[in-house]
Amino acid sequence: MPDGGATYSSPTPPSSCLPPLGKPARAMIDLAALRKDPAFFRQAWAARGAAVDLDALLALDQQVRELKTGFETAKAEVNTASKAIAMAAKSGQDVHAAKDKARQLGDHAKAIDEQREALEKQLHDLLLHLPNPCLASVPVGKDSGDNKTVAEWGTKPTFSFAPKAHWDLGPALGIMDFDRAAKLSGSGFVVLRGAGAKLARALISWFLDVHTTAHGYTELAVPYLVQPGPMQGTGQLPKFGDQLYKCAHDELYLIPTAEVPVTNYHAGEILEAAQLPVKYTAHTPCFRREAGAAGIGTRGMTRVHQFDKVEIVWLTKPENSDADLLTLRGHAESLLQQLGLHYRVLELCTGDTGFSSAHTYDLEVWSAGTNSWLEVSSCSTFTDFQARRANLRYRPAAGEKPHFVHTINGSGLALPRCLIALLETYQQADGSVIVPPVLRSYLGGLERIGGKS
RNA sequence: GGAGAGGUGGCUGAGCGGUUGAAGGCACCGGUUUCGAAAACCGGCAUUGGGGAAACUCAAUCGGGGGUUCGAAUCCCCCCCUCUCCGCCA
């Protein structure tokens, strides 16, 4: 069984390019590995609470493979017959009988292939719903109650007055407008105005500047609308399509996170080992339907249909991905530290780890106004799960076969919840808000929002 | 939106019904030559799956899907993508 440093091996990269429209997504898990070590997958999925009938799966796989060999044998006969016809025709012989015979052979092969196709589709549909196995080091647990707090930074701010929530503070300062946002777009939207809008812009610029200078990322400005291929690549489609906004007249989706265009940026390519790790950062708005989330933490701008986020993404070598995840997490954490915001780090348990992720740390910032923790970043390694679907490979050395990279990403950071924490943490008795020093140069030297200036 | 041209191996680029899984070139690997390198020359070099200890062998793959045919990269239909020109608009 693999330890934390290695997942199942992936010796069989597929050769085709991006999954084209209409073609079922590539399997997220390696069937060859599944055959070889079913016990590993059995326990990995059990740990996640995923009900998987592995025996049925393997039996189906076995049938498919038998039909495949049956077809190949039959097809080989057809090919032999066809070649004989070509030769005979060339020398002027009568080929009518031979053609009839070949047609029969062809029909037989086709019949077998149709059976294979039906079963293989069944198999594929099953595979699509299997989550990425977690790393062996991930704590086993049922749900968010079993997540482990692995770090905590700073302390809860104290106040000589009753701290307000951002949905009171923001409108009172004239920097957030929920009512008019609803007039424009319905519930789940916000209009930032004046210093609020500028503060958001300052956060974005500052985040990007830190990542591109101190942390060594290359900034990308990417499309916000993408085709189905990239959505399949990172795992949003087909399973989570109901969370996406889709254009009515075009096969285009609004991205729910910059992860989609950024991770898929190199889809279908074979990178050189020397290029790795590839590190990108990008700011984009994120669009999420939040279907089914009505009523859960929907007040204010905690959970909205559109928000800004700076994402950080790595494409890295499999042997480095575990260590790289910690580095990436550190990059996200350093932002919170420089903002002086109290936060904690959770290591998600097997039951709470996202579908495509193998290991996730959540950064949660303290919301003083609501006495709760808010997730501002989810830092995950996807091992080769996304790379397999997006066909993201690298060549370990010249002349060697390409291998899948590992993908890692996290927010660095999500805007609304940072804004919330910032306003609530730095609010003053008079309702004004002190601007953290690192942001002041982005705000023309502004030190305080609201109050007497 | 209108008109046209295309999508072939790591890249480039021929092929347009039959020993074509696919010429040529580049890149890459091995060898000869050289003190060494370059150049030149010789050889090798797609992916996936099945069988085999191996040599090897069988099948599938020329954007995706379907059709015609004994046989399709080549012919027909649908879809996707890219490019060029015109129109429209920032």
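Residue numbering restarts at 1 for every chain, and letters A, B, ... go by the order of the sequence lines.
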Q: Given B/U19, B/A59, B/C70, identify the nucleotide with an atom nearest to the side chain of A/Glu72.
A: B/A59
Q: Tell me which of A/Arg35 and A/Thr73 sits closer to the 5' end of RNA chain B, going by the nucleotide each one is nearest to.
A: A/Arg35
Q: Output one line per pair: protein atom, nucleotide atom from nucleotides 71-73 of chain B, and distance, for all N/O pairs under 3.5 Å.
A:
| from | atom 1 | to | atom 2 | distance (Å) |
| --- | --- | --- | --- | --- |
| B/G71 | O4' | A/Ser82 | OG | 3.1 |

Q: Hunt down the Watson-Crick or G-U wobble partner of B/A22, both distances under 3.5 Å, from any strand shown, or write none.
A: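 With both distances under 3.5 Å required, B/A22 matches none.
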Q: Base, sugar-phosphate, or nothing for A/Ala86, non-hydrogen atoms under 4.0 angstrom?
A: base
Q: Looking only at atom P, what distance separates B/C89 and B/C81, rounded to whole Å?
A: 25 Å
Q: Pick one: which of A/His266, A/Glu219, A/His211 meets side chain to side chain donor-acceptor pair (under 3.5 Å) with A/Tyr280?
A: A/His266
Q: What is the distance from NZ of A/Lys68 to P of B/U61, rounded to the nearest Å?
A: 12 Å
Q: In the structure shown, which nucleotide is the Watson-Crick or G-U wobble counterpart of B/A46, with both distances under 3.5 Å?
A: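 Its partner is B/U61.
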Q: Taking atom C1' in both B/G49 and B/G15, compute the distance separating them and give it to the nearest angstrom.
A: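 Approximately 27 Å lies between the C1' atom of B/G49 and that of B/G15.
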Q: Please state how far atom CG in A/Leu105 lies from atom P in B/C58, giving the value in whole angstrom units.
A: 17 Å
Q: For atom C1', what is the distance between B/A14 and B/C62, given to the nearest Å?
A: 12 Å
Q: Can you tell me the Watson-Crick or wobble partner of B/A54, both distances under 3.5 angstrom?
A: none
Q: Could you tell me how far B/C16 sits from B/A73 if I compare only their C1' atoms? Round to whole Å.
A: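 To the nearest whole Å, 8 Å.
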Q: Can you tell me, in whole Å, how much space there is between the P of B/G24 and that of B/C41?
A: 15 Å
Q: Find the distance A/Arg103:CZ to B/U69:C1' and express it as a whole number of Å.
A: 9 Å
Q: Which base, if any, makes a Watson-Crick or G-U wobble pair with B/C41, both distances under 3.5 Å?
A: B/G31
Q: The side chain of A/Lys110 is closest to which nucleotide in this list: B/G50, B/G67, B/G49?
A: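 The nucleotide sitting nearest to the side chain is B/G67.
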Q: Which atom names give the shortest non-hydrogen contact between A/Ala81 and A/Ala102, and what distance separates them?
A: CB-CB, 4.1 Å
Q: With rounding to the closest Å, how many angstrom separate the C1' atoms on B/C78 and B/U84?
A: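 To the nearest whole Å, 25 Å.
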Q: In whole Å, measure the gap between the P atoms of B/G13 and B/G6 for me.
A: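 Going atom to atom, P in each nucleotide, I get 13 Å.
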Q: Using the side-chain hydrogen bond (donor to acceptor under 3.5 Å, both in side chains) criterion, which residues pair with A/Tyr224? Sequence neighbours excluded.
A: none
Q: Please tell me which of the listed nucleotides, B/G49, B/A59, B/G50, lies nearest to the side chain of A/Arg65?
A: B/G50
Q: In whole Å, I'd like the distance from the CD1 atom of A/Ile85 to the C1' atom of B/G18.
A: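 My rounded result for the distance is 10 Å.
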Q: How do A/Glu117 and A/Lys99 order along RNA chain B: which one's closest nucleotide is nearer the 5' end?
A: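 Of the two residues, A/Glu117 wins.
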Q: Determine which nucleotide pairs with B/A72, using a 3.5 Å limit on both distances of a Watson-Crick or G-U wobble pair.
A: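 Base partner found: none.
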Q: Once you apply the 3.5 Å cut-off to both distances, tell me the Watson-Crick or G-U wobble partner of B/C16, or none.
A: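 Across any shown strand, B/C16 pairs with none.
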Q: Would you mind reading off the distance between A/Glu120 atom CD and B/U48 atom P, rounded to a whole angstrom?
A: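 About 17 Å, once rounded to whole Å.
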Q: Determine the interatomic distance between P on B/G52 and the same-named atom on B/A46; round to the nearest Å.
A: 24 Å
Q: Now, which nucleotide makes the Watson-Crick or G-U wobble pair with B/G36, with each of the two distances under 3.5 Å?
A: none
Q: Starting at NE2 of A/His403 and ending at C1' of B/U47, how long is that distance when rounded to a whole Å?
A: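 A/His403 atom NE2 is separated from B/U47 atom C1' by 15 Å.
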Q: Which part of the nucleic acid, if any, lies within contact of A/Ala98, taking any heavy atom under 4.0 Å across all strands shown: a base, the sugar-phosphate backbone alone, or nothing?
A: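 Here A/Ala98 touches no strand at all.
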Q: Could you check how far CZ of A/Arg116 sits from C1' of B/G50, rounded to whole Å?
A: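 The distance from CZ of A/Arg116 to C1' of B/G50 comes to 13 Å, rounded to the nearest Å.
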Q: Consider the side chain of A/Ala76, meaning its heavy atoms from C-beta on, and name the nucleotide among B/C58, B/G50, B/C70 that approaches it most closely.
A: B/C58
Q: Please report the closest heavy-atom contact between A/Gly410 and A/Ser377, naming both atoms and the distance.
A: C-OG, 4.0 Å
Q: Sort out the partner of B/C85 for me: Watson-Crick or G-U wobble, both distances under 3.5 Å, none otherwise.
A: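 Partner of B/C85: B/G2.
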Q: Which residues pass the side chain to side chain contact (heavy atoms under 4.5 Å, CB included) test with A/Pro223, sequence neighbours left out?
A: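 So A/Pro223 forms no side chain to side chain contact (heavy atoms under 4.5 Å, CB included) with any residue.
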Q: Taking only residues two or more places apart in sequence or in another chain, which ones pass side-chain hydrogen bond (donor to acceptor under 3.5 Å, both in side chains) with A/Arg201?
A: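 For A/Arg201 there are no side-chain hydrogen bond (donor to acceptor under 3.5 Å, both in side chains) partners, ignoring immediate neighbours.
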Q: Checking side chain to side chain donor-acceptor pair (under 3.5 Å) between A/Thr316 and each of A/Thr407, A/Asp324, A/Thr327, which is the one that passes?
A: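 Filter result, single survivor: A/Asp324.
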Q: With sequence neighbours excluded, what pairs up with A/Ala111 under the side chain to side chain contact (heavy atoms under 4.5 Å, CB included) test?
A: none
Q: What nucleotide among B/A60, B/G50, B/C70 has an atom nearest to a side-chain atom of A/Phe71?
A: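 So the nucleotide nearest the side chain must be B/A60.
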Q: Mind checking whether A/His215 and A/His331 have parallel, tilted or perpendicular rings, split at 30° and 60°?
A: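 Because their plane-to-plane angle is under 30°, the rings of A/His215 and A/His331 count as parallel.
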Q: The criterion is side chain to side chain contact (heavy atoms under 4.5 Å, CB included); which residues satisfy it with A/Lys68, sequence neighbours excluded?
A: A/Glu72, A/Arg116, A/Glu120
Q: Round to a whole Å and report the spacing from CG of A/Leu67 to C1' of B/G51.
A: 17 Å
